[in-house]
Number of protein chains: 2
Amino acid sequence: MPENPIRWENNTLIIIDQTKLPEELEYIPLNTVREVWDAIKQLKVRGAPAIGISAAWGVLAGLRENPPADTAAALRQAQETAEYLATSRPTAVNLFWALERMKKAAQAAADADSADTFFERLEEEARAIHEEEIASCRAIGEYGKELIKENTGVITHCNAGGLATGRYGTALAPMFLAHEEGRSFQVFVDETRPLLQGSRLTAWELRQAGIDATLICDNMAACVMGQGRIQLAITGADRIAANGDTANKIGTRGLAMLCAPHEIPFYIAAPSSTFDMSLKTGAGIPIEERDPDEIRRGFGKLTAPADITVYNPAFDVTPAEYITGIITEKGILRPPYTGSIAGLFNG
Amino acid sequence: MPENPIRWENNTLIIIDQTKLPEELEYIPLNTVREVWDAIKQLKVRGAPAIGISAAWGVLAGLRENPPADTAAALRQAQETAEYLATSRPTAVNLFWALERMKKAAQAAADADSADTFFERLEEEARAIHEEEIASCRAIGEYGKELIKENTGVITHCNAGGLATGRYGTALAPMFLAHEEGRSFQVFVDETRPLLQGSRLTAWELRQAGIDATLICDNMAACVMGQGRIQLAITGADRIAANGDTANKIGTRGLAMLCAPHEIPFYIAAPSSTFDMSLKTGAGIPIEERDPDEIRRGFGKLTAPADITVYNPAFDVTPAEYITGIITEKGILRPPYTGSIAGLFNG
């Protein structure tokens with residue numbers, strides 16, 4: 001797995017450009033807030049926790065881009081930058097969660113004696129977010145790896161690996177840790193149309209780690225399930241409502257609903273930052289719709305009538321009733337989720 | 001819809017090269033048996049009924065390629081050509097059905113007084129197969145169009161339109177006829193990875209006919225179903241066992257199984273030539289596996305690690321219990337299928 005897909009080095013945010021994978025592993029600096037916004041929007045950095053971490057560092061990038069004269073100017077600028085970065089993508093709540101933390105830290109640092117001290121305090125907060133998310137992923141891996149027994153067939157959708165987080169991943173963390181312990185298992189990787197995060201990123205990460213991975217098209221999952229080759233499904237999440245309804249990459253709902261008749265347990269893996277306690281159910285989660293040409297000419301070549309109507313939602317919502325458990329950094333939550341999720345935050 | 005996607009003109013088989021669509025609508029002649037075999041193998045002509053029709057004409061192409069000296073040589077040659085063409089693809093039973101008819105016609109023509117007369121008799125049989133399949137599609141359309149009420153949302157997978165048959169299609173025939181009657185409805189078209197028959201062919205055919213069509217990725221079906229925008233699913237079939245289990249394009253099984261929890265009726269549309277009464281259940285249907293690079297670099301560009309393991313089945317089997325009805329040229333069959341399918345052939 002990539003050691004540091006997101007770095008803050010010499011006051012510069014450096015990310016892996018995920019749109020170039022698997023052909024090129026390229027680290028790129030994001031020197032301006034606009035570049036951070038664009039990188040999130042264009043999916044150069046993607047994955048709910050990774051977006052949150054990058055946005056937190058993006059607030060610092062803003063203070064570096066236009067060094068403020070004093071603390072008051074720094075506070076104003078940090079808040080404006082946070083609000084701007086929040087407009088980059090709508091669904092993953094980690095983005096708003098991280099930016100809220102940065103805004104609160106900015107408020108708390110309003111008494112700093114200089115813009116430099118203010119910067120240092122925000123830098124501490126961004127680092128804390130970054131390190132906490134990595135620690136959460138590690139803990140998710142520890143809890144989740146017990147689900148992967150010897151010879152299990154696991155299926156995953158999209159990329160919830162190291163690239164999508166700070167390290168380890170969410171859905172992939174249990175696989176990396178089970179593999180480190182020498183357990184033998186097989187992963188089926190949905191390619192994840194239209195942007196192929198599964199074939200481009202997850203297949204690449206698992207391959208790098210030496211894990212037995214088989215790439216399939218999204219529509220092959222039911223076929224492989226019917227052959228009895230899958231005993232476990234794990235995906236990440238972009239936003240989880242208070243009742244357990246979960247928004248994740250388009251296709252997750254279908255995968256979860258196909259697990260049910262095949263009697264395959266379906267798990268979500270996500271840190272606390274992915275829960276949105278302000279939403280009672282998944283009905284309130286805003287779903288990003290993307291460019292029709294991602295489907296009409298996703299591979300450079302026109303593969304559909306140029307003027308065909310397209311519906312291209314980037315996420316869908318899996319009803320809580322199809323989720324066997326939610327693997328968090330504090331343990332695996334079980335239904336009924338309204339209680340177990342509330343316990344995650346109050347317990 | 002294309003008027004004559006398959007033609008026998010001046011003793012030459014002419015087809016639309018479906019791999020070129022939607023960018024180019026190109027008719028190509030198939031001058032040798034090898035070219036017919038390659039066209040089927042490479043999906044220049046595809047769709048269960050279209051493969052059957054093309055193979056039938058392919059036997060004639062063989063007799064044209066190497067004109068036999070006498071009836072005995074013609075019979076031997078027709079049989080060998082039929083056996084060779086049967087090796088082009090394994091799943092669609094229409095291929096074997098049509099070639100069996102041609103072999104029987106060849107046997108029956110063994111008393112022909114010359115190779116020319118023999119040829120004429122086989123030509124009659126190929127034309128009969130071709131015309132009967134078109135008539136069956138038309139009848140499927142007549143029975144099926146009643147399922148498409150005003151404002152229905154219909155979903156289909158792969159291409160079972162005019163291109164896949166002689167004309168009208170199987171799954172698309174009800175849509176073409178309902179549209180001709182002025183009914184207003186919307187079709188969601190699964191793009192159908194890896195070879196995109198949905199986006200390349202079905203979207204194109206529906207667009208040509210002026211039908212309201214929306215392209216989605218295969219993994220978006222559950223999302224659109226959850227929004228209440230789909231009231232009916234219809235797909236074609238490549239082989240139907242005696243109990244109703246149905247092999248069709250990979251992804252059909254998942255689509256059918258997702259219809260169940262969303263309470264959407266799921267129909268198969270297929271002529272009698274698609275039934276294989278020699279198989280009690282779908283377990284015996286041979287499933288073609290295709291080149292991994294269709295998934296790893298389907299559009300020219302590498303979109304996965306070059307050496308990643310791939311599983312690429314071209315078809316899957318939908319259990320009969322998920323099929324609401326099978327629309328045939330003789331009416332809509334209902335469960336229990338063992339009885340209703342037997343009735344199709346004995347009744």
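Letters A, B, ... mirror the listed sequences (proteins, then strands); counts begin at 1.
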Among the options [options], pick out the one with the most heavy-atom pairs lying under 4.5 Å from chain A.
| options | value |
| --- | --- |
| B:His157, B:Lys301, B:Arg296, B:His262 | B:His262 |
| B:Pro313, B:Pro292, B:Pro319 | B:Pro313 |
| B:Leu201, B:Asp316, B:Asp218 | B:Asp218 |
| B:Thr303, B:Ile216, B:Leu196 | B:Thr303 |

Paired with A:Asn159, the side-chain hydrogen bond (donor to acceptor under 3.5 Å, both in side chains) test is passed by just one of A:Thr165, A:Thr202, A:Thr235, namely A:Thr202

Qualifying residues under salt bridge (charged side-chain N to carboxylate O under 4.0 Å, His left out), relative to A:Arg193, sequence neighbours excluded | B:Glu191

Working to the nearest 0.5 Å, report the span between [atom1] of [X] and [atom2] of [Y].
| X | Y | atom1 | atom2 | answer |
| --- | --- | --- | --- | --- |
| A:Ile308 | B:Leu206 | CD1 | CG | 7.0 Å |
| B:Ile16 | B:Glu26 | CD1 | CD | 10.5 Å |
| A:Trp204 | A:Gln197 | CH2 | CD | 14.5 Å |
| B:Thr19 | B:Leu195 | OG1 | CG | 10.0 Å |

Residue pair [X] / [Y], side-chain heavy-atom distance below 4.5 Å:
| X | Y | result |
| --- | --- | --- |
| A:Leu163 | A:Leu21 | yes |
| A:Leu258 | A:Leu255 | no |
| A:Tyr168 | A:Thr170 | no |

Residue part contacting chain B, namely of [X], when any heavy atom lies under 4.5 Å:
| X | result |
| --- | --- |
| A:Asp307 | both |
| A:Val224 | side chain |
| A:Pro22 | side chain |
| A:Arg200 | both |

Hey, are A:Arg183 and A:Glu150 close enough for a salt bridge, meaning a charged N less than 4.0 Å from a carboxylate O?
-> no

Is any NZ, NE, NH1 or NH2 atom of the basic residue among B:Glu288 and B:Arg290 found under 4.0 Å from an Asp or Glu carboxylate oxygen of the other?
-> yes

Between [options], who has the most heavy-atom pairs with chain B when the cutoff is under 4.5 Å?
| options | answer |
| --- | --- |
| A:Gly254, A:Cys223, A:Gly226, A:Gly300 | A:Cys223 |
| A:Glu23, A:Met220, A:Gln227, A:Met225 | A:Met220 |
| A:Asn219, A:Asn312, A:Val310 | A:Asn219 |

Report yes or no: is the cationic atom of B:Arg167 (NZ for Lys, CZ for Arg) under 6.0 Å from the centre of the six-membered ring of B:Phe176, at an angle within 45° of the ring normal?
-> no

Just checking heavy atoms, which of residues 238-253 of chain A are less than 4.5 Å from chain B?
-> A:Ile250, A:Gly251, A:Arg253

Check each atom of B:Arg229 against the heavy atoms of chain A and say whether the ones under 4.5 Å are side chain, backbone, both or neither.
-> side chain

